[in-house]
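Reading through the structure tokens given below for one structure.
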Amino acid sequence: MNKNKRIWKFCVVSVIVIIALTFSPLIITSGKIHPFLFGLPYTLWTGIVLTILLVILTLIAGNALPNDEEGEK
């Protein structure tokens with residue numbers, strides 16, 4: 001397995017874990033607003049951090065597998 005496919009699989013697994021974490025009780029907790037970060041409640045700033053991680057993983061995955069359609073023919 002080449003390096004790009006390993007990077008792709010790592011990104012896929014990481015995204016699945018982040019999505020599962022996003023909807024878990026660790027992030028979505030009723031009534032939990034503390035700790036605050038820059039005046040933002042817990043659920044909001046953790047959502048922002050997880051979204052930034054998803055964007056970074058998307059960029060990495062997009063560079064790992066750039067259009068291989070030409071090589072498959």
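Every value quoted in this text rests on a predicted model; they were computed, and no experiment measured them. Residue numbers start at 1 and run along the sequence shown.
- Annotation: side-chain contact (heavy atoms from CB on, under 4.5 Å) contacts of Ile60 (sequence neighbours excluded): Ile7, Cys11, Ile56.
- Under the side-chain contact (heavy atoms from CB on, under 4.5 Å) criterion, Leu50 pairs with Ile18, Leu21, Thr22, Ile27, Leu53, sequence neighbours left out.
- A chain of hydrophobic side-chain contacts below 4.5 Å, direct or via other Ile, Leu, Val, Met, Phe, Trp or Tyr residues, connects Phe23 to Ile48.
- Between Leu40 and Phe36, every side-chain heavy-atom pair lies at or beyond the 4.5 Å cut-off.
- Minimum heavy-atom separation, Thr46 to Thr43: OG1-O, 3.1 Å.
- Within 6.0 Å of CH2 on Trp8 lie no more than 12 heavy atoms contributed by other residues, nucleotides or ligands.
- Every residue two or more places apart in sequence or in another chain that forms a side-chain contact (heavy atoms from CB on, under 4.5 Å) with Ser14 is listed here: Phe10, Leu57.
- Cluster membership check: Leu44 shares its hydrophobic cluster with Ile19, using side-chain heavy-atom separations under 4.5 Å among Ile, Leu, Val, Met, Phe, Trp and Tyr.
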